[in-house]
*Asks:* 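Following this message is one structure expressed as C-alpha coordinates.
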Protein chains: 2
Amino acid sequence: MWPNGWSTFIHSGTKQLTSGMAFPIICTVDVVLFTLKESALHVALLRREHEPFRGVLALPGGYIHPQADQDAESAARRVLQSKTGISSPYLEQLGSFSGAARDPRGWSLSVSYYALVAESLIASARSEASSQEVQLVPVERARGLPFDHRSIIEAALERVRSKSSYSSLPVYLCGDSFTLPELQAVYEAVLGESINKVSFRRKMDELDMLEPIEGAQQTGKAHRPAQLYRLKRQYRKQLSLTSRGINPD
Amino acid sequence: MWPNGWSTFIHSGTKQLTSGMAFPIICTVDVVLFTLKESALHVALLRREHEPFRGVLALPGGYIHPQADQDAESAARRVLQSKTGISSPYLEQLGSFSGAARDPRGWSLSVSYYALVAESLIASARSEASSQEVQLVPVERARGLPFDHRSIIEAALERVRSKSSYSSLPVYLCGDSFTLPELQAVYEAVLGESINKVSFRRKMDELDMLEPIEGAQQTGKAHRPAQLYRLKRQYRKQLSLTSRGINPD
DNA sequence: TGAATAGTGTCTTTCAGACATTATTAC
DNA sequence: GTAATAATGTCTGAAAGACACTATTCA
(Lines give C-alpha, C1' and ligand atoms only; values in the text may rest on other atoms or scores of the structure.)
Protein backbone atom coordinates (compact mmCIF):
# COMPACT_ATOMS: atom_id res chain seq x y z
CA MET A 1 0.00 0.00 0.00
CA TRP A 2 2.85 2.38 0.74
CA PRO A 3 5.98 3.06 -1.28
CA ASN A 4 8.83 0.80 -0.27
CA GLY A 5 10.60 1.62 2.92
CA TRP A 6 7.74 3.55 4.45
CA SER A 7 6.07 0.70 6.22
CA THR A 8 8.36 0.83 9.24
CA PHE A 9 7.82 4.52 9.52
CA ILE A 10 4.12 4.19 9.12
CA HIS A 11 3.52 1.41 11.59
CA SER A 12 5.90 2.44 14.32
CA GLY A 13 4.53 4.69 16.96
CA THR A 14 7.81 5.68 18.54
CA LYS A 15 9.68 6.22 15.31
CA GLN A 16 7.11 8.78 14.25
CA LEU A 17 8.32 11.25 16.85
CA THR A 18 11.86 11.20 15.53
CA SER A 19 11.10 10.69 11.88
CA GLY A 20 8.48 13.38 12.21
CA MET A 21 11.18 16.01 12.44
CA ALA A 22 12.20 15.37 8.87
CA PHE A 23 8.62 15.90 7.72
CA PRO A 24 7.17 18.34 10.19
CA ILE A 25 3.50 19.23 10.05
CA ILE A 26 3.00 22.97 10.18
CA CYS A 27 0.40 23.52 12.89
CA THR A 28 -1.42 26.82 12.87
CA VAL A 29 -4.64 28.47 13.96
CA ASP A 30 -6.70 30.85 11.86
CA VAL A 31 -9.60 33.00 12.95
CA VAL A 32 -12.52 34.19 10.85
CA LEU A 33 -13.63 37.29 12.70
CA PHE A 34 -17.04 38.52 11.63
CA THR A 35 -18.56 41.87 12.35
CA LEU A 36 -21.51 43.83 11.05
CA LYS A 37 -20.70 47.12 9.37
CA GLU A 38 -23.23 49.14 7.44
CA SER A 39 -25.69 46.25 7.69
CA ALA A 40 -23.34 43.86 5.92
CA LEU A 41 -21.22 41.05 7.25
CA HIS A 42 -17.52 41.83 7.13
CA VAL A 43 -14.45 39.72 7.87
CA ALA A 44 -11.30 41.01 9.52
CA LEU A 45 -8.17 40.63 7.41
CA LEU A 46 -4.56 41.56 8.05
CA ARG A 47 -1.59 42.05 5.78
CA ARG A 48 0.82 39.16 6.31
CA GLU A 49 4.06 40.19 7.96
CA HIS A 50 6.04 37.13 6.86
CA GLU A 51 6.57 34.92 3.86
CA PRO A 52 4.85 33.25 2.22
CA PHE A 53 2.42 35.82 0.84
CA ARG A 54 4.05 38.64 2.76
CA GLY A 55 2.04 41.82 2.41
CA VAL A 56 -1.07 40.00 1.20
CA LEU A 57 -4.36 40.30 3.06
CA ALA A 58 -5.17 37.11 4.93
CA LEU A 59 -7.04 35.78 7.95
CA PRO A 60 -5.45 36.53 11.31
CA GLY A 61 -3.51 33.39 12.07
CA GLY A 62 -0.32 32.04 13.46
CA TYR A 63 1.58 29.06 14.70
CA ILE A 64 0.46 27.04 17.64
CA HIS A 65 3.05 27.47 20.38
CA PRO A 66 3.12 24.27 22.43
CA GLN A 67 5.11 25.94 25.17
CA ALA A 68 2.73 28.84 25.53
CA ASP A 69 -0.67 27.58 24.45
CA GLN A 70 -2.72 25.25 26.57
CA ASP A 71 -4.64 24.08 23.57
CA ALA A 72 -5.61 25.21 20.07
CA GLU A 73 -8.38 27.46 21.31
CA SER A 74 -5.96 29.27 23.59
CA ALA A 75 -3.68 29.68 20.61
CA ALA A 76 -6.53 31.18 18.61
CA ARG A 77 -7.36 33.62 21.41
CA ARG A 78 -3.71 34.58 21.75
CA VAL A 79 -3.26 35.08 18.02
CA LEU A 80 -6.43 37.13 17.77
CA GLN A 81 -5.48 39.27 20.74
CA SER A 82 -1.90 39.82 19.68
CA LYS A 83 -2.62 40.53 16.03
CA THR A 84 -5.82 42.54 16.31
CA GLY A 85 -6.11 43.54 19.95
CA ILE A 86 -9.53 41.90 20.14
CA SER A 87 -10.79 39.46 22.77
CA SER A 88 -13.92 37.99 21.27
CA PRO A 89 -16.72 37.03 23.65
CA TYR A 90 -17.72 34.35 21.17
CA LEU A 91 -15.13 32.04 19.66
CA GLU A 92 -15.93 28.59 18.35
CA GLN A 93 -13.96 25.96 16.53
CA LEU A 94 -14.96 25.67 12.91
CA GLY A 95 -12.88 22.70 11.92
CA SER A 96 -9.47 21.81 10.63
CA PHE A 97 -8.10 22.34 7.17
CA SER A 98 -5.11 20.30 6.23
CA GLY A 99 -3.05 18.80 3.51
CA ALA A 100 0.09 18.87 1.47
CA ALA A 101 -1.20 21.42 -1.03
CA ARG A 102 -2.57 24.28 1.00
CA ASP A 103 0.72 25.85 2.12
CA PRO A 104 3.84 26.21 -0.06
CA ARG A 105 5.99 25.51 2.99
CA GLY A 106 4.72 21.95 3.24
CA TRP A 107 2.11 19.74 4.82
CA SER A 108 0.08 21.96 7.09
CA LEU A 109 -2.85 21.80 9.44
CA SER A 110 -4.89 24.82 10.40
CA VAL A 111 -7.32 24.55 13.28
CA SER A 112 -9.79 27.28 12.36
CA TYR A 113 -12.10 29.28 14.57
CA TYR A 114 -14.76 31.85 13.98
CA ALA A 115 -15.65 34.81 16.15
CA LEU A 116 -18.43 37.37 16.20
CA VAL A 117 -17.89 40.83 17.63
CA ALA A 118 -19.70 44.14 17.60
CA GLU A 119 -18.14 46.75 15.36
CA SER A 120 -17.67 49.02 18.37
CA LEU A 121 -15.38 46.42 19.93
CA ILE A 122 -13.13 46.48 16.89
CA ALA A 123 -12.97 50.25 16.81
CA SER A 124 -11.88 50.45 20.43
CA ALA A 125 -9.42 47.59 20.04
CA ARG A 126 -7.75 49.19 17.06
CA SER A 127 -6.53 52.16 19.02
CA GLU A 128 -5.11 50.01 21.81
CA ALA A 129 -3.42 47.40 19.67
CA SER A 130 0.15 48.20 18.80
CA SER A 131 -0.02 46.15 15.64
CA GLN A 132 -1.17 47.18 12.20
CA GLU A 133 -4.71 48.10 11.45
CA VAL A 134 -7.38 45.48 10.90
CA GLN A 135 -9.06 45.62 7.50
CA LEU A 136 -12.79 44.97 7.50
CA VAL A 137 -13.86 43.57 4.15
CA PRO A 138 -17.41 42.61 3.10
CA VAL A 139 -17.51 38.82 3.10
CA GLU A 140 -18.36 38.49 -0.55
CA ARG A 141 -15.43 40.71 -1.46
CA ALA A 142 -12.87 38.80 0.58
CA ARG A 143 -11.44 36.97 -2.41
CA GLY A 144 -8.02 36.23 -3.78
CA LEU A 145 -6.80 35.28 -0.33
CA PRO A 146 -3.73 33.11 0.20
CA PHE A 147 -3.80 29.46 1.25
CA ASP A 148 -7.34 28.10 1.46
CA HIS A 149 -8.53 31.10 3.44
CA ARG A 150 -11.48 31.66 1.12
CA SER A 151 -12.71 28.13 1.78
CA ILE A 152 -12.33 28.68 5.48
CA ILE A 153 -14.37 31.88 5.28
CA GLU A 154 -17.05 30.11 3.31
CA ALA A 155 -17.25 27.29 5.81
CA ALA A 156 -17.48 29.85 8.61
CA LEU A 157 -20.17 31.76 6.79
CA GLU A 158 -22.21 28.65 6.28
CA ARG A 159 -21.85 27.75 9.94
CA VAL A 160 -22.84 31.20 11.14
CA ARG A 161 -25.86 31.30 8.86
CA SER A 162 -27.03 27.86 9.82
CA LYS A 163 -26.50 28.48 13.51
CA SER A 164 -28.18 31.87 13.36
CA SER A 165 -31.38 30.28 12.14
CA TYR A 166 -31.94 28.46 15.39
CA SER A 167 -29.93 30.29 18.02
CA SER A 168 -29.04 33.61 19.55
CA LEU A 169 -25.67 33.74 17.79
CA PRO A 170 -26.24 37.10 16.04
CA VAL A 171 -26.61 38.97 19.33
CA TYR A 172 -22.81 38.90 19.55
CA LEU A 173 -22.77 41.21 16.56
CA CYS A 174 -24.72 43.77 18.58
CA GLY A 175 -23.39 46.02 21.27
CA ASP A 176 -24.39 45.68 24.91
CA SER A 177 -27.83 47.14 24.33
CA PHE A 178 -30.03 47.11 21.28
CA THR A 179 -33.66 47.36 20.23
CA LEU A 180 -35.64 44.47 18.80
CA PRO A 181 -35.93 46.10 15.36
CA GLU A 182 -32.13 46.51 15.37
CA LEU A 183 -31.60 42.90 16.37
CA GLN A 184 -34.00 41.77 13.68
CA ALA A 185 -32.01 43.75 11.11
CA VAL A 186 -28.87 41.95 12.31
CA TYR A 187 -30.51 38.55 11.87
CA GLU A 188 -31.68 39.60 8.42
CA ALA A 189 -28.21 40.76 7.43
CA VAL A 190 -26.68 37.48 8.56
CA LEU A 191 -29.34 35.23 7.05
CA GLY A 192 -29.67 37.34 3.93
CA GLU A 193 -33.45 37.13 4.13
CA SER A 194 -36.20 39.22 5.61
CA ILE A 195 -37.91 37.82 8.68
CA ASN A 196 -41.52 38.12 9.73
CA LYS A 197 -41.64 40.63 12.56
CA VAL A 198 -44.26 38.86 14.64
CA SER A 199 -42.54 35.49 14.30
CA PHE A 200 -39.19 37.01 15.13
CA ARG A 201 -40.51 38.54 18.31
CA ARG A 202 -42.22 35.30 19.26
CA LYS A 203 -38.90 33.49 18.82
CA MET A 204 -36.98 36.01 20.87
CA ASP A 205 -39.62 35.74 23.55
CA GLU A 206 -39.41 31.94 23.45
CA LEU A 207 -35.60 32.03 23.66
CA ASP A 208 -36.06 33.97 26.89
CA MET A 209 -32.57 35.36 26.82
CA LEU A 210 -33.25 39.09 26.52
CA GLU A 211 -34.37 41.50 29.19
CA PRO A 212 -35.66 45.02 28.70
CA ILE A 213 -33.43 47.68 30.20
CA GLU A 214 -35.75 49.44 32.61
CA GLY A 215 -36.61 52.92 31.45
CA ALA A 216 -34.13 52.82 28.58
CA GLN A 217 -35.52 53.53 25.17
CA GLN A 218 -34.04 54.48 21.86
CA THR A 219 -35.07 58.07 21.44
CA GLY A 220 -34.51 60.91 18.98
CA LYS A 221 -36.36 59.29 16.10
CA ALA A 222 -39.53 60.79 14.62
CA HIS A 223 -41.61 57.84 15.72
CA ARG A 224 -42.50 55.78 18.73
CA PRO A 225 -39.31 55.00 20.67
CA ALA A 226 -38.13 51.39 20.84
CA GLN A 227 -37.39 49.54 24.05
CA LEU A 228 -33.71 48.78 24.62
CA TYR A 229 -32.80 45.20 25.54
CA ARG A 230 -29.71 43.39 26.73
CA LEU A 231 -28.72 39.75 27.09
CA LYS A 232 -29.76 38.26 30.40
CA ARG A 233 -26.77 37.72 32.64
CA GLN A 234 -26.79 33.94 32.30
CA TYR A 235 -26.48 34.20 28.54
CA ARG A 236 -23.66 36.72 28.36
CA LYS A 237 -21.17 34.00 27.46
CA GLN A 238 -23.47 31.37 26.09
CA LEU A 239 -25.78 30.62 23.21
CA SER A 240 -29.47 30.00 23.48
CA LEU A 241 -31.21 27.64 21.08
CA THR A 242 -34.73 27.61 19.69
CA SER A 243 -36.49 24.35 19.13
CA ARG A 244 -37.77 25.13 15.65
CA GLY A 245 -35.62 27.78 14.13
CA ILE A 246 -35.98 31.31 12.90
CA ASN A 247 -37.48 31.21 9.44
CA PRO A 248 -37.49 33.59 6.53
CA ASP A 249 -40.51 35.79 6.14
CA MET B 1 3.14 37.83 28.24
CA TRP B 2 5.54 34.99 27.50
CA PRO B 3 8.38 33.65 29.63
CA ASN B 4 11.69 35.30 28.85
CA GLY B 5 13.44 34.25 25.73
CA TRP B 6 10.33 32.98 24.03
CA SER B 7 9.35 36.12 22.28
CA THR B 8 11.71 35.58 19.36
CA PHE B 9 10.43 32.08 18.97
CA ILE B 10 6.86 33.19 19.20
CA HIS B 11 6.96 36.02 16.75
CA SER B 12 9.23 34.57 14.13
CA GLY B 13 7.58 32.71 11.34
CA THR B 14 10.65 31.09 9.90
CA LYS B 15 12.18 30.12 13.22
CA GLN B 16 9.09 28.12 14.07
CA LEU B 17 9.92 25.46 11.54
CA THR B 18 13.31 24.80 13.07
CA SER B 19 12.47 25.44 16.70
CA GLY B 20 9.39 23.34 16.22
CA MET B 21 11.49 20.23 16.19
CA ALA B 22 12.41 20.72 19.81
CA PHE B 23 8.75 20.95 20.76
CA PRO B 24 6.96 18.83 18.21
CA ILE B 25 3.20 18.71 18.09
CA ILE B 26 1.94 15.15 17.92
CA CYS B 27 -0.54 15.12 15.04
CA THR B 28 -2.99 12.26 14.94
CA VAL B 29 -6.40 11.29 13.63
CA ASP B 30 -9.04 9.39 15.60
CA VAL B 31 -12.24 7.86 14.30
CA VAL B 32 -15.46 7.30 16.21
CA LEU B 33 -17.06 4.47 14.29
CA PHE B 34 -20.72 3.96 15.16
CA THR B 35 -22.83 0.96 14.37
CA LEU B 36 -26.19 -0.34 15.49
CA LYS B 37 -26.17 -3.69 17.21
CA GLU B 38 -29.19 -5.13 18.97
CA SER B 39 -30.99 -1.82 18.58
CA ALA B 40 -28.32 0.09 20.46
CA LEU B 41 -25.58 2.40 19.25
CA HIS B 42 -22.13 0.88 19.62
CA VAL B 43 -18.66 2.32 19.07
CA ALA B 44 -15.76 0.41 17.62
CA LEU B 45 -12.75 0.17 19.93
CA LEU B 46 -9.36 -1.47 19.53
CA ARG B 47 -6.69 -2.53 21.99
CA ARG B 48 -3.73 -0.19 21.61
CA GLU B 49 -0.67 -1.88 20.17
CA HIS B 50 1.83 0.72 21.40
CA GLU B 51 2.58 2.79 24.43
CA PRO B 52 1.14 4.85 25.97
CA PHE B 53 -1.84 2.83 27.17
CA ARG B 54 -0.68 -0.30 25.35
CA GLY B 55 -3.34 -2.99 25.56
CA VAL B 56 -6.06 -0.58 26.59
CA LEU B 57 -9.24 -0.22 24.52
CA ALA B 58 -9.26 3.05 22.59
CA LEU B 59 -10.63 4.68 19.46
CA PRO B 60 -9.00 3.59 16.21
CA GLY B 61 -6.41 6.27 15.59
CA GLY B 62 -2.92 6.94 14.42
CA TYR B 63 -0.40 9.45 13.30
CA ILE B 64 -0.89 11.63 10.28
CA HIS B 65 1.76 10.68 7.73
CA PRO B 66 2.58 13.77 5.70
CA GLN B 67 4.36 11.69 3.08
CA ALA B 68 1.48 9.31 2.56
CA ASP B 69 -1.66 11.26 3.43
CA GLN B 70 -3.05 13.92 1.17
CA ASP B 71 -4.90 15.49 4.06
CA ALA B 72 -6.29 14.62 7.47
CA GLU B 73 -9.39 12.96 6.05
CA SER B 74 -7.23 10.67 3.93
CA ALA B 75 -5.29 9.87 7.05
CA ALA B 76 -8.50 8.98 8.85
CA ARG B 77 -9.62 6.72 6.01
CA ARG B 78 -6.23 5.05 5.90
CA VAL B 79 -6.13 4.51 9.65
CA LEU B 80 -9.65 3.14 9.71
CA GLN B 81 -8.97 0.81 6.80
CA SER B 82 -5.63 -0.43 8.08
CA LYS B 83 -6.72 -0.93 11.68
CA THR B 84 -10.23 -2.26 11.21
CA GLY B 85 -10.48 -3.25 7.56
CA ILE B 86 -13.48 -0.95 7.14
CA SER B 87 -14.07 1.66 4.44
CA SER B 88 -16.92 3.71 5.75
CA PRO B 89 -19.31 5.17 3.18
CA TYR B 90 -19.91 8.05 5.57
CA LEU B 91 -17.01 9.82 7.25
CA GLU B 92 -17.17 13.37 8.51
CA GLN B 93 -14.83 15.58 10.46
CA LEU B 94 -15.99 16.10 14.01
CA GLY B 95 -13.42 18.60 15.16
CA SER B 96 -9.98 18.80 16.66
CA PHE B 97 -8.97 18.03 20.20
CA SER B 98 -5.69 19.42 21.34
CA GLY B 99 -3.54 20.49 24.21
CA ALA B 100 -0.62 19.81 26.45
CA ALA B 101 -2.57 17.62 28.86
CA ARG B 102 -4.38 15.07 26.71
CA ASP B 103 -1.40 12.88 25.82
CA PRO B 104 1.43 11.93 28.18
CA ARG B 105 3.90 12.13 25.28
CA GLY B 106 3.41 15.86 24.97
CA TRP B 107 1.41 18.54 23.22
CA SER B 108 -0.90 16.75 20.82
CA LEU B 109 -3.57 17.48 18.28
CA SER B 110 -6.13 14.93 17.18
CA VAL B 111 -8.28 15.66 14.15
CA SER B 112 -11.30 13.51 14.90
CA TYR B 113 -13.82 11.98 12.53
CA TYR B 114 -16.98 9.99 12.95
CA ALA B 115 -18.31 7.24 10.73
CA LEU B 116 -21.54 5.28 10.51
CA VAL B 117 -21.62 1.76 9.13
CA ALA B 118 -24.05 -1.12 9.06
CA GLU B 119 -23.20 -3.96 11.41
CA SER B 120 -22.99 -6.33 8.45
CA LEU B 121 -20.13 -4.26 7.03
CA ILE B 122 -18.14 -4.70 10.21
CA ALA B 123 -18.74 -8.42 10.32
CA SER B 124 -17.49 -8.90 6.77
CA ALA B 125 -14.53 -6.57 7.31
CA ARG B 126 -13.43 -8.45 10.39
CA SER B 127 -12.71 -11.63 8.50
CA GLU B 128 -10.68 -9.85 5.81
CA ALA B 129 -8.63 -7.60 8.05
CA SER B 130 -5.36 -9.08 9.15
CA SER B 131 -5.33 -7.00 12.30
CA GLN B 132 -6.91 -7.73 15.65
CA GLU B 133 -10.63 -7.88 16.14
CA VAL B 134 -12.72 -4.77 16.53
CA GLN B 135 -14.62 -4.53 19.81
CA LEU B 136 -18.13 -3.14 19.57
CA VAL B 137 -19.10 -1.50 22.83
CA PRO B 138 -22.45 0.16 23.65
CA VAL B 139 -21.78 3.89 23.63
CA GLU B 140 -22.77 4.42 27.23
CA ARG B 141 -20.41 1.67 28.34
CA ALA B 142 -17.40 3.01 26.44
CA ARG B 143 -15.83 4.54 29.52
CA GLY B 144 -12.42 4.58 31.11
CA LEU B 145 -10.81 5.24 27.75
CA PRO B 146 -7.33 6.72 27.42
CA PHE B 147 -6.59 10.31 26.37
CA ASP B 148 -9.78 12.34 25.93
CA HIS B 149 -11.42 9.62 23.87
CA ARG B 150 -14.56 9.69 26.01
CA SER B 151 -15.01 13.40 25.25
CA ILE B 152 -14.51 12.72 21.57
CA ILE B 153 -17.16 10.01 21.64
CA GLU B 154 -19.56 12.31 23.44
CA ALA B 155 -19.03 15.07 20.93
CA ALA B 156 -19.58 12.58 18.11
CA LEU B 157 -22.73 11.27 19.75
CA GLU B 158 -24.12 14.74 20.12
CA ARG B 159 -23.35 15.49 16.48
CA VAL B 160 -24.94 12.28 15.23
CA ARG B 161 -28.06 12.84 17.29
CA SER B 162 -28.45 16.42 16.26
CA LYS B 163 -27.81 15.65 12.61
CA SER B 164 -30.15 12.66 12.64
CA SER B 165 -33.04 14.87 13.61
CA TYR B 166 -33.00 16.71 10.32
CA SER B 167 -31.24 14.44 7.84
CA SER B 168 -30.97 10.97 6.42
CA LEU B 169 -27.79 10.22 8.39
CA PRO B 170 -29.14 7.09 10.15
CA VAL B 171 -29.67 5.24 6.86
CA TYR B 172 -25.92 4.58 6.90
CA LEU B 173 -26.54 2.36 9.90
CA CYS B 174 -28.83 0.19 7.80
CA GLY B 175 -27.81 -2.36 5.25
CA ASP B 176 -28.49 -1.95 1.55
CA SER B 177 -32.18 -2.70 1.93
CA PHE B 178 -34.52 -2.16 4.83
CA THR B 179 -38.17 -1.69 5.63
CA LEU B 180 -39.62 1.59 6.86
CA PRO B 181 -40.44 0.17 10.31
CA GLU B 182 -36.81 -0.97 10.56
CA LEU B 183 -35.53 2.44 9.53
CA GLN B 184 -37.82 4.10 12.03
CA ALA B 185 -36.44 1.84 14.75
CA VAL B 186 -32.93 2.95 13.76
CA TYR B 187 -33.89 6.61 14.04
CA GLU B 188 -35.48 5.91 17.40
CA ALA B 189 -32.39 4.11 18.64
CA VAL B 190 -30.14 6.99 17.59
CA LEU B 191 -32.40 9.76 18.87
CA GLY B 192 -33.37 7.86 22.00
CA GLU B 193 -37.01 8.83 21.52
CA SER B 194 -40.02 7.28 19.87
CA ILE B 195 -41.20 8.90 16.65
CA ASN B 196 -44.72 9.30 15.34
CA LYS B 197 -45.17 6.75 12.58
CA VAL B 198 -47.23 8.92 10.26
CA SER B 199 -44.91 11.90 10.66
CA PHE B 200 -41.87 9.74 10.12
CA ARG B 201 -43.27 8.37 6.88
CA ARG B 202 -44.26 11.84 5.75
CA LYS B 203 -40.66 12.98 6.37
CA MET B 204 -39.14 10.07 4.52
CA ASP B 205 -41.50 10.77 1.65
CA GLU B 206 -40.55 14.46 1.70
CA LEU B 207 -36.83 13.64 1.77
CA ASP B 208 -37.45 11.72 -1.44
CA MET B 209 -34.31 9.65 -1.10
CA LEU B 210 -35.73 6.15 -0.78
CA GLU B 211 -37.13 3.92 -3.47
CA PRO B 212 -39.10 0.72 -2.99
CA ILE B 213 -37.36 -2.36 -4.29
CA GLU B 214 -39.83 -3.75 -6.80
CA GLY B 215 -41.39 -6.95 -5.61
CA ALA B 216 -39.15 -7.23 -2.58
CA GLN B 217 -40.86 -7.54 0.75
CA GLN B 218 -39.80 -8.64 4.16
CA THR B 219 -41.54 -11.96 4.60
CA GLY B 220 -41.70 -14.77 7.11
CA LYS B 221 -43.35 -12.74 9.88
CA ALA B 222 -46.81 -13.50 11.19
CA HIS B 223 -48.22 -10.25 9.91
CA ARG B 224 -48.52 -8.18 6.78
CA PRO B 225 -45.16 -8.12 5.00
CA ALA B 226 -43.27 -4.83 4.80
CA GLN B 227 -41.99 -3.24 1.61
CA LEU B 228 -38.22 -3.21 1.27
CA TYR B 229 -36.56 0.10 0.36
CA ARG B 230 -33.10 1.23 -0.65
CA LEU B 231 -31.40 4.59 -1.02
CA LYS B 232 -31.90 6.17 -4.42
CA ARG B 233 -28.71 6.05 -6.43
CA GLN B 234 -28.02 9.78 -6.18
CA TYR B 235 -28.03 9.59 -2.39
CA ARG B 236 -25.77 6.58 -1.96
CA LYS B 237 -22.84 8.81 -0.97
CA GLN B 238 -24.67 11.87 0.21
CA LEU B 239 -26.93 13.14 2.95
CA SER B 240 -30.41 14.46 2.43
CA LEU B 241 -31.76 17.19 4.70
CA THR B 242 -35.29 17.93 5.84
CA SER B 243 -36.43 21.48 6.23
CA ARG B 244 -38.11 21.05 9.57
CA GLY B 245 -36.60 18.06 11.28
CA ILE B 246 -37.71 14.72 12.51
CA ASN B 247 -39.41 15.23 15.82
CA PRO B 248 -40.13 13.02 18.78
CA ASP B 249 -43.57 11.51 19.00
C1' DT C 1 -60.28 -17.02 12.79
C1' DG C 2 -57.15 -14.35 15.65
C1' DA C 3 -52.83 -12.10 16.57
C1' DA C 4 -49.64 -9.13 14.94
C1' DT C 5 -47.76 -5.52 12.42
C1' DA C 6 -47.80 -2.75 7.78
C1' DG C 7 -49.68 0.94 5.70
C1' DT C 8 -53.06 4.88 5.16
C1' DG C 9 -56.93 8.31 5.95
C1' DT C 10 -58.31 12.01 8.65
C1' DC C 11 -59.09 14.92 12.67
C1' DT C 12 -56.90 17.97 15.96
C1' DT C 13 -53.37 20.86 17.61
C1' DT C 14 -49.56 23.72 17.10
C1' DC C 15 -46.91 27.13 15.07
C1' DA C 16 -45.41 30.34 11.55
C1' DG C 17 -46.68 34.12 8.35
C1' DA C 18 -50.05 37.81 6.92
C1' DC C 19 -52.44 41.60 8.08
C1' DA C 20 -54.50 45.04 10.74
C1' DT C 21 -54.69 48.02 14.66
C1' DT C 22 -53.03 50.77 18.34
C1' DA C 23 -49.09 53.45 20.55
C1' DT C 24 -45.79 57.08 20.71
C1' DT C 25 -42.55 60.00 19.16
C1' DA C 26 -40.65 64.45 16.13
C1' DC C 27 -42.01 68.00 13.38
C1' DG D 1 -52.41 66.83 12.81
C1' DT D 2 -49.07 63.96 9.93
C1' DA D 3 -45.46 60.83 9.05
C1' DA D 4 -42.96 57.22 10.65
C1' DT D 5 -42.02 53.19 13.06
C1' DA D 6 -42.80 50.37 17.56
C1' DA D 7 -45.50 47.04 19.49
C1' DT D 8 -49.28 43.87 19.63
C1' DG D 9 -53.77 41.34 18.51
C1' DT D 10 -55.81 38.12 15.55
C1' DC D 11 -56.76 35.44 11.43
C1' DT D 12 -55.22 31.90 8.20
C1' DG D 13 -52.71 28.16 6.34
C1' DA D 14 -49.33 24.58 6.74
C1' DA D 15 -47.28 20.96 9.11
C1' DA D 16 -46.93 17.70 12.99
C1' DG D 17 -49.11 14.45 16.23
C1' DA D 18 -53.09 11.43 17.58
C1' DC D 19 -56.02 8.01 16.44
C1' DA D 20 -58.54 4.91 13.96
C1' DC D 21 -59.20 1.97 10.28
C1' DT D 22 -57.89 -1.24 6.56
C1' DA D 23 -54.49 -4.76 4.63
C1' DT D 24 -51.94 -8.90 4.76
C1' DT D 25 -49.45 -12.37 6.62
C1' DC D 26 -48.73 -16.84 9.78
C1' DA D 27 -50.34 -19.97 13.11
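Hydrogens, waters and symmetry mates are skipped; everything else that's a heavy atom, side chains included, is used. Chain identifiers are assigned alphabetically (A, B, ...) following the order of the sequence lines, protein sequences preceding nucleic acid strands; residue numbering begins at 1 within each chain.
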*Asks:* Do NZ/NE/NH1/NH2 and the carboxylate oxygens of B:Arg102 and A:Asp71 come within less than 4.0 Å?
*Replies:*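 No, no charged N to carboxylate O under 4.0 Å.
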*Asks:* Looking at CZ of A:Arg202 and CG of A:Leu207, how far apart are the two atoms once the value is rounded to the nearest 0.5 Å?
*Replies:*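 Here the rounded value is 13.5 Å.
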*Asks:* Each nucleotide in nucleotides 3-13 of chain D should get exactly one letter: B, S or -. Can you fill that in based on protein heavy atoms under 4.0 Å?
*Replies:* BBBBBBBB---
*Asks:* Does this structure show an ion pair linking A:Glu211 with A:Arg233, if we count only N-O contacts that are shorter than 4.0 Å?
*Replies:*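 Here A:Glu211 does not pair with A:Arg233 in a salt bridge, since their nearest N and O are not under 4.0 Å apart.
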*Asks:* Calculate the interatomic distance between B:Glu193 atom CD and D:dG17 atom P; express it in whole Å.
*Replies:*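 The answer, rounded to whole Å, is 11 Å.
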*Asks:* Can you tell me how the ring of B:Tyr187 sits relative to the ring of B:Phe200, calling it parallel under 30°, perpendicular over 60° and tilted otherwise?
*Replies:*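 B:Tyr187 vs B:Phe200 ring planes: perpendicular.
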*Asks:* Between atom CE in B:Met204 and atom P in C:dG7, what is the gap in whole Å?
*Replies:*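 Atom-to-atom, B:Met204 to C:dG7, this comes out as 14 Å.
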*Asks:* In whole Å, what is the span from the CZ atom of A:Phe200 to the P atom of C:dG17?
*Replies:*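 After rounding, the reported distance stands at 12 Å.
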*Asks:* Can you tell me the distance, in whole Å, between the CG atom of B:Leu210 and the P atom of C:dG7?
*Replies:*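 The distance from CG of B:Leu210 to P of C:dG7 comes to 12 Å, rounded to the nearest Å.
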*Asks:* Please give, in whole Å, the distance from D:dA15 C1' to B:Ile195 CD1?
*Replies:*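 In whole Å, D:dA15 C1' lies 16 Å from B:Ile195 CD1.
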*Asks:* Do A:Leu109 and B:Val111 come within less than 4.5 Å of each other through their side chains, counting heavy atoms only?
*Replies:*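 Side-chain contact under 4.5 Å: yes.
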*Asks:* Is the phosphate of D:dA18 approached by B:Asn196 (side-chain N or O, under 4.0 Å from OP1 or OP2)?
*Replies:*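 For D:dA18, OP1/OP2 do have a side-chain N/O of B:Asn196 under 4.0 Å.
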*Asks:* Under 4.0 Å between a Lys/Arg side-chain N and an Asp/Glu carboxylate O for A:Arg230 and A:Asp176?
*Replies:*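 Salt bridge between A:Arg230 and A:Asp176, a charged N being under 4.0 Å from a carboxylate O: no.
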